[in-house]
Amino acid sequence: MDVAELLADLNEPQRDAVAAADGPLLVLAGPGSGKTRVLTHRVAYLVAVGRVEPWRIMAVTFTNKAAREMRGRVQALVGQEALHRLTLGTFHAICARLLRVESEAMGRDPDFVIFDQDDQLLVVRRAMQELGLDDKRLAPRSALGAISAAKCELIGPGEYGGSTYVHELIGRVYDRYQRLLRASNALDFDDLLVDAARLLRHNEEVRRRYRRRYRHVLVDEFQDTNTAQYVFVKTLVGADEPDAPRNLFVVGDEDQSIYRWRGADYRNVERFRRDFPDAGVVLLEQSYRSTQTILDAARAVIDRNERRTPKKLWTQAGTGAPLSVFEARDGDEEAAYVAGEIERAARSGARHGEFAVMYRTNAQSRALEEAFLRRGIPYQLVGATRFYDRREIKDAIAYLRLTQNPLDEVSLGRVINVPPRGIGARSWQALSALAADLGVPRWTALQAIAAGEPAGAAQRIDARMAKGLAAFHAVLQDLHEARERLPVGELLDFALDRSGYRDWLRDGTEEGDDRWANVMELHAVAADVGGLVPGEGLVDLLQSVALVSEVDDLAEVAERVTLLTLHAAKGLEFPTVFLVGLEEHLLPHSRSLDDGEALAEERRLFYVGLTRARSKLHVTHASRRNLFGRPEPRERSRFLDDLPQRLVHGRGGSRAGRAGRSDSRFLDTRWERSPATPPPRPAGGAGRVAAAGAGFGPGDKVCHPTFGLGVVVSSVDLDGDTQVTVAFVGAGVRKLLQSYAGLKRA
DNA sequence: TGTTAACTTATTTTT
DNA sequence: TAAGTTAACA
């Protein structure tokens with residue numbers, strides 16, 4: 001491919017970026033301005049024109065999906081062979097690989113496993129338990145949040161400080177947490193980034209080696225990098241050292257930074273400009289996605305944010321239709337409106353796949369789903385099915401993790417008695433006590449027991465316990481030995497067989513069969529990864545399994561309306577978009593009202609939603625909405641007031657906006673004046689009685705809007721409320737439902 | 001080991 | 001209100 005061809009279908013600023021000379025470059029790319037295009041063409045340009053060998057290029061994305069898309073597009077430009085040698089992947093995947101290769105320099109075992117959020121939470125709980133901390137005083141979840149935030153800022157447990165008591169507590173938990181991770185030979189998501197950054201920073205030999213190799217580093221979604229990620233790439237290319245390559249090509253949009261709460265800091269854009277003062281800056285302002293009306297509306301909203309490079313997005317697509325703003329009486333009417341509009345459009349030829357409905361919180365999907373079900377409109381809910389969260393999948397993976405790394409105590413605790421093999425809480429406690437006594441990992445203690453070594457004198461491990469534990473040890477031992485002998489697909493078969501898991505799971509029930517089918521799906525993935533090569537695939541399978549997300553496999557062809565949160569919507573586009581719930585306390589969310597930065601992020605979230613639309617945008621809000629069962633009056637979102645009148649179809653403009661604003665004072669006074677106003681009538685009371693009267697009994701097949709098909713196991717009347725236990729077929733979970741919300745006979 | 005009753009919590013979730 | 005979690009119970 002020659003230069004002319006490569007640059008032919010780019011606009012001028014895109015070309016400036018793609019064909020830029022060596023050195024740092026910042027590309028600020030508005031929504032729909034072709035940022036992936038610029039990235040992929042830049043890679044192709046470096047290879048084809050700059051004669052850079054592909055293995056000297058690293059391209060980093062945030063999601064597997066983005067990496068996959070980029071891979072496809074780069075391949076089309078430079079061919080399969082060059083692509084193969086390119087380093088292209090997510091931050092986490094690239095760092096994980098680096099850490100495995102450099103495990104020696106890290107003083108670590110290369111067989112480390114990666115702990116996901118559930119695992120992390122278990123470790124935090126265990127840490128707090130060991131420290132004797134009450135989880136009511138400090139919620140494990142918030143402790144984990146604080147630890148993660150510290151990590152992203154590259155603050156280690158030793159440096160974690162703070163004046164308050166809670167800080168002190170968290171510091172101790174953090175320290176213990178890291179020790180537990182290390183004892184399990186495990187890294188959490190954050191460690192992957194943190195350790196990679198530290199390694200480059202503090203190990204001169206490694207740093208030099210990687211700098212010599214990677215002459216060009218490209219980063220996608222740069223506004224969403226956290227400190228650890230920024231330090232990683234900055235150290236890799238070197239900011240001011242004389243021998244450093246300094247070829248850092250970053251693409252991002254400050255206005256689309258919506259992961260602050262995950263440690264992302266769009267101010268890395270400012271840092272970049274400070275650290276690389278000679279960096280070129282390219283602005284991509286031409287949109288190939290939306291109409292001018294949508295772009296203008298989005299701009300009016302986002303221009304109210306500070307600390308950003310103002311962009312004026314434009315398009316050749318034409319003005320397009322005005323926005324519609326609809327005020328519903330309540331959430332149900334809002335949902336009915338959305339469903340009705342879609343049905344109407346579908347009748348005149350629109351395909352369901354052209355529509356997306358976006359909301360701030362997952363809870364909002366419920367009303368929408370019900371409205372769609374009622375009208376028979378096909379929809380898909382993004383993020384609803386988590387394959388890798390299913391119990392049977394987690395169990396199977398736990399066995400594989402133990403095969404790779406028997407020190408993994410989370411997995412050990414998970415499957416030591418699954419299937420039941422007589423190792424109950426007592427045995428686990430005895431094992432733990434012995435391990436603690438000897439100061440060794442549980443795995444080592446297990447080995448000692450299996451070898452019949454004098455069980456720690458003080459511990460009471462009777463013969464029966466010892467027998468059970470020894471039997472489990474034998475299972476792990478066999479798995480470990482099979483590791484080099486079998487490709488990972490067969491290894492999984494062996495694990496399921498040897499552990500007795502398969503026979504236990506396939507108990508002849510329908511549910512058992514379904515779960516087994518899921519395991520077989522995992523098996524297909526494993527066979528694919530490992531192929532037929534003995535010893536192959538285990539590390540890769542576990543790594544990819546740990547690093548996938550749900551949005552990754554969003555079916556794009558599905559002819560269904562897509563329902564998704566604003567966060568999940570980033571990077572996507574649809575011809576018609578509905579943004580629902582534009583109300584104070586929802587968007588902006590109540591948790592962000594007293595924090596300017598958080599409020600700015602809510603605004604960006606709205607901006608992201610607005611700019612997902614290609615041609616038609618509907619915005620809705622409700623004047624009352626059921627909150628925790630109670631209908632509450634709702635005030636329209638302040639963001640609606642920022643939509644220019646001229647772009648909005650019909651009414652619902654500034655007049656209503658002003659009314660909405662003064663409403664707040666009205667509400668306040670009314671609330672103050674009569675706090676004892678009788679509560680509004682309970683919504684749908686009659687409906688609930690009727691539902692209860694319908695009386696589901698054991699054996700009834702039912703359908704739940706969230707969990708799908710299930711069978712009622714038992715039902716109990718308590719206090720006018722009914723509690724049913726339902727086994728859900730697809731999800732393979734047993735659930736208690738203390739109401740009948742949306743439950744139907746199937 | 002599963003069931004039942006009570007308690008508690010209620011954003012977003014790229015990896 | 002709904003759903004997740006847990007403690008008590010059989």
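Quick note on labels: first sequence line is chain A, next is B, and so on, each numbered from 1.
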Is a side-chain donor or acceptor of A:R421 paired with a backbone partner of A:I416 at a separation under 3.5 angstrom? yes
Could you go through residues 90-98 of chain A and list every donor-acceptor pair under 3.5 Å that involves a side-chain atom there, pairing it with any protein atom two or more places apart or in another chain?
unit_1, atom_1, unit_2, atom_2, d
A:T90, OG1, A:A93, N, 3.0

Rounded to the nearest angstrom, tell me the gap between atom CZ in A:R625 and atom C1' in C:dT1. 15 Å
Would one find a side-chain N or O of A:R366 under 4.0 angstrom from OP1 or OP2 of C:dA3? yes
Could you tell me the separation between the CE atom of A:M358 and the C1' atom of B:dT13, rounded to a whole number of Å? 17 Å
Separation of B:dT14 P from A:R260 CZ (nearest whole Å): 19 Å
If you draw the axis of the six-membered ring of A:F232, does the NZ or CZ of A:R198 fall within 45° of it and under 6.0 Å from the ring centre? no
Between A:D191 and A:K151, does at least one N-O distance fall below 4.0 Å, as a salt bridge requires? yes
Mind calculating the distance between CG (A:N626) and C1' (C:dA2) to the nearest angstrom? 12 Å
Give each protein N/O atom lying under 3.5 Å from an N/O atom of nucleotides 10-12 of chain B, with the pair distance.
unit_1, atom_1, unit_2, atom_2, d
B:dT11, O4', A:H589, NE2, 3.4
B:dT12, OP1, A:N362, N, 2.8
B:dT12, OP1, A:N362, ND2, 3.4
B:dT12, O4', A:R360, NH2, 3.3
B:dT12, O2, A:W261, NE1, 3.2
B:dT12, O2, A:R360, NH2, 2.5
B:dT12, O2, A:H567, NE2, 3.4

Figure out the CG/P separation between A:L121 and C:dG4, and round it to whole Å. 15 Å
Once side-chain hydrogen bond (donor to acceptor under 3.5 Å, both in side chains) is applied, do any residues pair with A:R329, and if so which ones, sequence neighbours excluded? A:E333
Using heavy atoms to find the nearest nucleotide of DNA chain B for A:L192 and A:P420 separately, return the residue whose nucleotide is more 5′. A:P420
Could you give the distance separating B:dT14 and C:dA3 at their C1' atoms, to the nearest angstrom? 26 Å
In whole angstroms, how far is the P atom of B:dT14 from the CD atom of A:Q256? 17 Å
Do side-chain atoms of A:D195 reach the backbone of A:L192 as a donor and acceptor pair under 3.5 angstrom? no
For the residue pair A:K234 and A:Q229, confirm or rule out a side-chain donor-acceptor distance under 3.5 Å. no
Measure the distance from CG on A:L572 to P on B:dT14 and round it to the nearest whole Å. 12 Å
Figure out the CG/C1' separation between A:L627 and C:dA2, and round it to whole Å. 13 Å
